[in-house]
S.K.: 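Here it is, the structure, as C-alpha cells.
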There are 2 protein chains.
Amino acid sequence: MNEIRAAALAQLSTGGPSAISLRAIARDMGLTAAALYRYYDSLESLTEDLCADRYRSMTRSVVAARDAQTDCVSRLRAMCLAYREWALSHPQEYALICGAPVLLTGDTPQEGPAVEKMEAAVDFTLAFLGPFAEAWAGRRTPPPALLPGVLESLDGVVVELLTDKLPPEGIVYFVNGWARLSGAITTEIFGHLRWAASDAEPLFRENLEDMLRQLTA
Amino acid sequence: MNEIRAAALAQLSTGGPSAISLRAIARDMGLTAAALYRYYDSLESLTEDLCADRYRSMTRSVVAARDAQTDCVSRLRAMCLAYREWALSHPQEYALICGAPVLLTGDTPQEGPAVEKMEAAVDFTLAFLGPFAEAWAGRRTPPPALLPGVLESLDGVVVELLTDKLPPEGIVYFVNGWARLSGAITTEIFGHLRWAASDAEPLFRENLEDMLRQLTA
DNA sequence: TTCACTTTGCCAACGCCGTTTACTTTGCCT
DNA sequence: AGGCAAAGTAAACGGCGTTGGCAAAGTGAA
C-alpha cells in the first residue's frame, strides 16, 4: 500500500489530481491495473486515502513549527507561515486536499478512507486550537458583539470539542479566522492573486499580522 | 456555440466540472464528438469558454446587487452577499470558476478562450473597486502601517488600474480583502466549514461585518 | 448552369481510462 | 496431502479525447 501511495503521489506531484490513474500506477509498479483492486475498492478510495495521507503530512509540518515556539502568538504565526509554506511547496497535493468535493447531499460516509480523510482534516484544524485559545484568553479588550443567530448556527459535530477551551465568541472567531487563513492560502495557490502580485508572501504576512492584531486586541 | 455552452452547462450543473464531456455534449445535441472540433480546439478550450461565460454571469448578479444600493458601504455589503449567494446557488459553476488551474510556469496564453477567462475574472474583481475606493476615502482613522516590502511586491499588471483610484495602502487592503472574501466563500462552497456549521450564512455575515468595520474604521 | 470552394458533419480508428469477470499461481496452515 | 486464502493476470466492456479522411450541403462568381 505504501508503494501504491508513493506511485500515486508521484503522479499527483507532476500532473495534478486529475493525473492520478490506476493504470499508470500499475504500470509504474510492474502490475496490472486489476491487481490494485486487491488493495482499494476504486480509484476514488485510493485518492481519498492519499488525501488523508497528505493531510497528515501537512499537519506534521505545522505541528513542528508550533513546537519550535513557546509564546502562543509566535506559535500561531509560525503555524500559519508553515501552513502556507507547505501549500506552496506542494501545490498539487494542496489542490487535492482543498479540491472541490462539493458533496451534494449530507452524506456522512461512516466507513472507508473518506472518514479517515475527514478525521485528518479535523486533526489539522484542531492543531491550531491550543495556541488560539491561549491567545484568546489573553485578549485585552472584549471583541465586538456578535450578530444575533451566529452562535445558534454552530451545529457542527466538532464544535463540542471547542466549547471547553473557548467561550462562544471565541469559537466564532476561531471558525472565521480559519476561513480567512485557509481561504487566503487557497486563493493564492489557485492563482487568483496573480493579477496583483507574482509573489504573494508579503501580502500574506500583512494579512497574517492583521489577523493576529485583531486576535490580541 | 450557445447550444454547445448550454449542453456543457447542463452537465456541469449536475455532475461537476469533471462531468463535462465532449461526447456527452455531442450526444445531447444529436452530433458526433468530432463535429465539436469545428467550434473548439479541444475540450479544454471549451471548458475555458464556459468558465468565462459563468464568470460573466456571476459578475452580472453582483453588479445588479451593487446598483440596487446607493451608499458605498451598502453597495459593498450587497455585492458580497450576492457573490456568496451566486456561489451557493451555482456550486458546480463556482467550482469550475475557482477550480485549481495551478498554472505551473508563468504561462500567459495571450490568445484563445483562456485570455477571455482571465479578463472576465479581472472584470469581476474590479466591480468591487468603485465602492471600495469610495469607502476607503471616507475612512475616519488611518490604517495600521504596512510591513516593509508589501508595496513593492505589487507587481501585477492589474495594479496599474487601481493606482488612480486608491492610495498604495488602499490597494494592499483591497487585495487582502479580496483574498479574505473569495477565500471565505470558496472555503464554504468546498465544504471545509461543515465541521463547524451546516449553514454558514451567519458566520459569513459576521465575517463580512467585521471586514466592513475594519474598512470604515 | 456549372465550377470551385468553404462549411459542417460523419465514420473509423487510436490510445487512454476505470472496472469486472474468470482463471491461474503461490504459499501457508492444518 | 489437502484445502484455502492471497495476489496477480488476461480479456473484455464501455467511455473518453483526439485525429484524419471523406461526403454532403451551401455559396458565389463566371
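Naming convention: chains lettered A, B, ... in sequence-line order (proteins, then strands); numbering from 1 in each chain.
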S.K.: Are the charged groups of B:Glu188 and B:Arg84 less than 4.0 angstrom apart, N to O?
M.R.: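 Judged by the 4.0 Å cut-off on N to carboxylate O distance, B:Glu188 and B:Arg84 do form a salt bridge.
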S.K.: Start at the 5' end of DNA chain C and walk down; is the nucleotide closest to A:Ala24 or to B:Ala33 reached first?
M.R.: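 Its nearest nucleotide lies further toward 5', so the answer is B:Ala33.
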S.K.: Scan side-chain atoms only and decide if A:Asp155 and B:Ser198 contain a donor-acceptor pair under the 3.5 Å cut-off.
M.R.: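 Distance-only check passes for A:Asp155 and B:Ser198.
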S.K.: Partners of A:Ser74 by side-chain hydrogen bond (donor to acceptor under 3.5 Å, both in side chains), sequence neighbours excluded?
M.R.: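 Here the qualifying residues are A:Asp71.
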S.K.: If you check every side-chain atom of B:Tyr37, which of D:dG17, D:dT9, D:dG20 has the closest atom?
M.R.: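 Per side-chain heavy atoms of B:Tyr37, the pick is D:dG17.
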S.K.: Would you say CD of B:Glu209 has more than 12 non-hydrogen atoms from neighbouring residues, nucleotides or ligands within 6.0 angstrom?
M.R.: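 Above 12, so yes.
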S.K.: For a stem of at least 3 consecutive Watson-Crick or G-U pairs with distances under 3.5 Å, i pairing with j, i+1 with j-1 and so on, which stems involve DNA chain C?
M.R.: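 So the stems come out as C:1-28 with D:3-30.
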S.K.: Scan B:Ala35 against the nucleic acid and name what it touches under 4.0 Å (heavy atoms): base, sugar-phosphate only, or nothing.
M.R.: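 It contacts sugar-phosphate atoms only.
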S.K.: Are B:Asp210 and B:Arg180 ion-paired here, with the side-chain N under 4.0 Å from a carboxylate O?
M.R.: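 B:Arg180 and B:Asp210: salt-bridged.
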S.K.: Using the heavy-atom set of chain B and a strict 4.0 Å cut-off, write down the first and last nucleotide of DNA chain C that makes it in, 5' to 3'.
M.R.: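 Footprint of chain B along DNA chain C, 5' to 3': C:dT8 to C:dA13.
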S.K.: A:Leu36 has an atom CG; how far is it from atom P of D:dA6, in whole Å?
M.R.: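 Interatomic distance, CG of A:Leu36 to P of D:dA6: 17 Å.
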S.K.: Rounded off to whole Å, could you give me the CE-to-P distance for the A:Met29 and D:dG8 pair?
M.R.: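 That distance rounds to 8 Å.
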S.K.: Salt-bridged, B:Glu134 to B:Arg75, with N to O below 4.0 Å?
M.R.: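 Answer for the salt bridge query: no.
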S.K.: Heavy-atom count around B:Glu3 CD within 6.0 Å, excluding the residue itself: above 12?
M.R.: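 No, the 6.0 Å shell around CD holds no more than 12 heavy atoms from other groups.
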S.K.: Give A:Tyr39 one of three labels, base, sugar-phosphate or nothing, depending on what nucleic acid heavy atoms sit under 4.0 Å from its own.
M.R.: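 Counting heavy atoms under 4.0 Å across all strands, the contact made by A:Tyr39 is with sugar-phosphate only.
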S.K.: Output the rounded distance in Å from CG (B:Leu43) to C1' (D:dG15).
M.R.: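 Those two atoms, CG and C1', are 14 Å apart.
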S.K.: Looking at the side chain of A:Thr32, which of D:dA12, D:dT9, D:dC16 is the nearest nucleotide?
M.R.: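 My answer, after comparing the listed nucleotides, is D:dT9.
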S.K.: Could you tell me whether A:Arg205 and A:Glu201 make a salt bridge, using a distance below 4.0 angstrom between a side-chain N and a carboxylate O?
M.R.: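 Counted as a salt bridge, because a side-chain N and a carboxylate O are separated by less than 4.0 Å.
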